[in-house]
Number of protein chains: 2
Amino acid sequence: MAAVDLTSHPGHLARRLQQAHYLLWNTMVSEEITSPQFAVLNALVAEPGLDQRTVGERVGLDRSTIAEVISRLIRRGLLDKVRDPQDGRRFLLGLTDEGLRTHRRLTVRTARMNQVFLSPLSAAEQTLFLELIQRVSDAAEGLRNPGEPLVAPS
Amino acid sequence: MAAVDLTSHPGHLARRLQQAHYLLWNTMVSEEITSPQFAVLNALVAEPGLDQRTVGERVGLDRSTIAEVISRLIRRGLLDKVRDPQDGRRFLLGLTDEGLRTHRRLTVRTARMNQVFLSPLSAAEQTLFLELIQRVSDAAEGLRNPGEPLVAPS
DNA sequence: GTCAATTAATCAGGGCACTGATTATTTCTC
DNA sequence: GAGAAATAATCAGTGCCCTGATTAATTGAC
């Protein structure tokens, strides 16, 4: 009889938030292209010709995950990759015409979806909400490799 | 040249938030037990003897996912399940002694982790943050099966 | 120039999350 | 009481997310 109230646990709420978003994305944006996949397309619209690792950095996906996401996008003909002639370890990524079209099409829909998603909040709350999430995530990411331990061992 | 700023996309931020939480959980709480697994243990501390589907409902996991999570917890000896003599479709779940001990141990650590996770925000902001996430998630979950379409088709 | 350290990408393995289909049991209807 | 509808659980398939180990190429030290 010492159960905890999970509604005070930001991690639990974050998971539920993401699930809710996933569902809404599926109904309002696309059943084919996922939100992380769109983020990758978007990164390459912003900076064409990036390599795989850097794209992962831009959108917040680790080396393994970005590899999977990219291989799916290539399989679907939205991306192609060529070896960097300057550095034989790297692959340079580029959007295909269809990739570009897909990005354009989904951009409109994601805007609408974001509106619906945030509609329970007032305009001021929406701005605050985005800012708070960002501050918490940024701070936690900053704890990644800090040189000194985060907490004293119990 | 029509890339979007993903920092205004709540879904993208939600994903990053969850990743940040995942990392912090791993370093501050446990490398064995995950946050969803803890949520399941916690649900069974609050209401012992629930069946699998109901536990999933309580913690926000669908039928497939809850089945996997529970089978891992059983494999690790933290849970056991018995057929409901009243209803042969159901399994009733119970915490083992070790499951109970694990829940108790992790409860302390999650509290500390939540403090660290939210530390970039002031006390007032923390309260607001949790409330805003909850309102957005609840609203989006309410859109699940509404009888009428969410949006006019494009 | 050669060997060592670094770096980009891949692979193996574990866990979370969803959908659609299937199986077993119960409940509802007649 | 027999057949139909509903419900709990499982299975197959896809995708995201992480770590640790491995491979191939480049860079740096000497």
Handout entry: Atom pair CZ (A:Phe38) and CG (B:Leu6), whose distance is rounded to the nearest 0.5 Å
Key = 7.0 Å
Handout entry: Short side-chain N/O contact from A:Lys81 to OP1 or OP2 of C:dA8, under 4.0 Å
Key = no
Exercise for the section: For A:Gln19 and C:dT19, give me the distance from atom CD to atom C1', rounded to whole Å. Expected result: 14 Å
Problem - Donor-acceptor under 3.5 Å (A:Arg135 side chain, B:Pro120 main chain) - result: yes
Fill in the blank from the handout: B:Asp51 has its side chain closest, among D:dA8, D:dG15, C:dG15, to D:dA8
Practice task
Using whole Å, report how far CG of A:Asp62 lies from P of C:dT7.
Solution key: 18 Å
Practice task
Show your working on salt bridge (Lys or Arg N to Asp or Glu O under 4.0 Å) between A:Arg76 and A:Glu98 and close with a plain yes or no.
Solution key: CA-CA 9 Å; A:Arg76 288 180 191 174; A:Glu98 200 192 331; over 6 Å; no
Exercise for the section: Please state how far atom CD in B:Glu32 lies from atom P in C:dG15, giving the value in whole angstrom units. Expected result: 10 Å
Handout entry: Distance in angstrom units between A:Ile70 CD1 and D:dG15 P, rounded
Key = 15 Å
Exercise for the section: May I ask you to say what B:Thr34 touches in the nucleic acid, namely base, sugar-phosphate or nothing, with a heavy-atom cut-off under 4.0 Å? Expected result: sugar-phosphate
Fill in the blank from the handout: Rounded to whole Å, CD1 of B:Ile74 lies from C1' of C:dG15 at a distance of 16 Å
Exercise for the section: Look at the side chain of B:Ser64 against the base of D:dT10 and say whether a donor-acceptor pair falls under 3.5 Å; ignore hydrogens and angles. Expected result: no
Exercise for the section: Could you check A:Gln86 against A:Glu68 and say which one's nearest nucleotide on DNA chain D is further toward the 5' end? Expected result: A:Glu68
Fill in the blank from the handout: Separation of D:dA8 atom P from B:Leu61 atom CG, nearest Å, is 16 Å
Problem - salt_bridge(A:Arg89, A:Asp84) N-O dist < 4.0 Å - result: no
Practice task
Round to the nearest Å and state the distance from A:Leu93 atom CG to C:dA8 atom C1'.
Solution key: 12 Å
Exercise for the section: Classify the nucleic acid contact of B:Arg90 as base, sugar-phosphate or nothing, counting any heavy atom under 4.0 Å across all strands shown. Expected result: sugar-phosphate
Handout entry: Whole-Å distance separating the CG atom of A:Leu24 from the P atom of C:dA17
Key = 18 Å
Problem - Given DNA chain D, 5'-ward residue of the pair A:Pro85 and B:Arg53, judged by closest heavy atom - result: B:Arg53
Fill in the blank from the handout: By nearest-nucleotide position on DNA chain C, the 5'-leaning member of B:Gly60 and B:Arg89 is B:Gly60
Practice task
Looking only at side-chain atoms of B:Ala67, point me to the closest of D:dT26, D:dT10, D:dC18.
Solution key: D:dT10
Problem - Residue pair A:Met113, A:Arg109: steps toward the side-chain contact (heavy atoms from CB on, under 4.5 Å) verdict - result: CA-CA 6 Å; A:Met113 194 219 57; A:Arg109 301 194 189 180; over 6 Å; no
Exercise for the section: For C:dA8, take OP1 and OP2 only and decide whether either is under 4.0 Å from a side-chain N or O of A:Arg63. Expected result: no
